[in-house]
Amino acid sequence: MSLNYAKRMDNIKASEIRELLKLTQQPNIISFAGGMPAPESFPIEELVKIGKDVLENTGTLALQYGPTEGYQPLRDAIAKRMAKVKVDVKAENILVTSGSQQGLDFAAKIFINPGDIIVCESPTYLGAINAFKAYEPKFIEVSTDKDGMDMEELEEVLKNNENVKFIYVIPDFQNPSGKTWSIERRIKLVELANKYNIGIIEDNPYGELRFEGEVLPAVKHFDTEGRVAFLGTFSKILCPGLRLGWVVADKEFLNKFILVKQGADLQSSTISQMEVAKFLEIYNIDQHIQKIIDIYKVRRDVMIKTMEEEFPEGVSFTYPEGGLFTWVVLPEYMNARELALKALEQNVAYVPGGSFFPNGGNENTFRLNYSNMNEEKIVEGIKRLGKVIKESMR
Ligand SMILES: Cc1ncc(COP(=O)(O)O)c(C=O)c1O
């Protein structure tokens, strides 16, 4: 039987990461593939206490429908926390979403008619590419260097294309590249978006996971005309299983997100929202984030050091100052998808980089995650990977 599915389904393929993650569930695999937080960082004891408290004392509220915009005390707390990235907003500027992934889907739903253009970094987050593809956009990729997106190239794109709807950026410890935008590029991005009247979707799950130096002001901080929607999430600073993220935008812009949220799922889980609000009220989340940073910084250091020792000449990689990923570039003649199969034979997994380029190419790249494996496994996995790379080199 073949049902008559919508044309958009032709664009939607199973995420390569999901497929890989299935494989990497096996305990003997050293996986640098997913983007999963360290499970030992989850505040399980605290959440057990909070869960009991929320249900015992406010059970009828926790198990009931709530407002589409989100649970008010959580919106208040998120608005306050936005000061961390120098964004001064009120609760009325916050919509609670089911993870920031939902914010990505909504962004495309709000802006994209088939054939419209989304401008993004090259490479960019695979989950965003997949979410956006359902709305049948064209993608224009803009090159990046160590300071973020190339602003001259961006201006050429905006000048020469009429139906660019938004620019999608991950300015802090980008997934997949680990790169962080300079302040100058953030300011210039807003300037260009103002000049050409384009929206900006700033996706920022990792900004607070900075290992050295100060947390940088978000692009939203430089927004002068209300054209930036900032997407935040509790997934990487608390835990992803509660599925809570948020959108920050000026009122009119946020209203569009609220309208589509109503249609999508009415609201995010009331009980999850109440639990996180309680966590923020009675515990110090900054201390909790520091614990996560302490774990990831050591793992980043171990991964980078081992790569320096084990990867052959001709292979380069980024040095992330925070977040979860580093990005590896092999000599151009090499193919990271083919290499991934050889690595899997050695029980090591990563995500081939080609998947992060919406228009294809760049098959000589791959992404490594360092948050989810302990130091011993990182050393062993990188050693095996180094050997696989050396054996495949000319
Ligand atoms: C750049 C980026 N955006 C969004 C997400 C989605 O996160 P969540 O829906 O868990 O908030 C991720 C997850 O890894 C990500 O890396």
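Counting from 1, the numbers follow the sequence of the chain as shown. In listed order, ligands and their atoms are each counted from 1. All values below were derived from every heavy atom in this structure, side-chain atoms included, with hydrogens, water molecules and symmetry-related copies excluded.
A side-chain contact (heavy atoms from CB on, under 4.5 Å) with W181 holds for exactly one of E121, E202, K188; it is E121.
With sequence neighbours left out, E313 forms a salt bridge (charged side-chain N to carboxylate O under 4.0 Å, His left out) with no residue at all. Not a single salt bridge (charged side-chain N to carboxylate O under 4.0 Å, His left out) links D76 to another residue, sequence neighbours left out. Partners of F253 according to the ring pair (Phe, Tyr, Trp, His ring centres under 6.0 Å) rule, which considers only residues two or more places apart in sequence or in another chain, are F111, F257.
Using a 4.0 Å cut-off between charged side-chain N and carboxylate O, E225 and K195 make no salt bridge.
Closer than 4.0 angstrom to ligand 1 by heavy atom are G99, S100, Q101, Y125, I170, N175, D203, P205, Y206, T233, S235, K236, R243, sorted by chain and number.
Heavy atoms of other residues, nucleotides or ligands lying less than 6.0 angstrom from NZ of K109 number more than 12.
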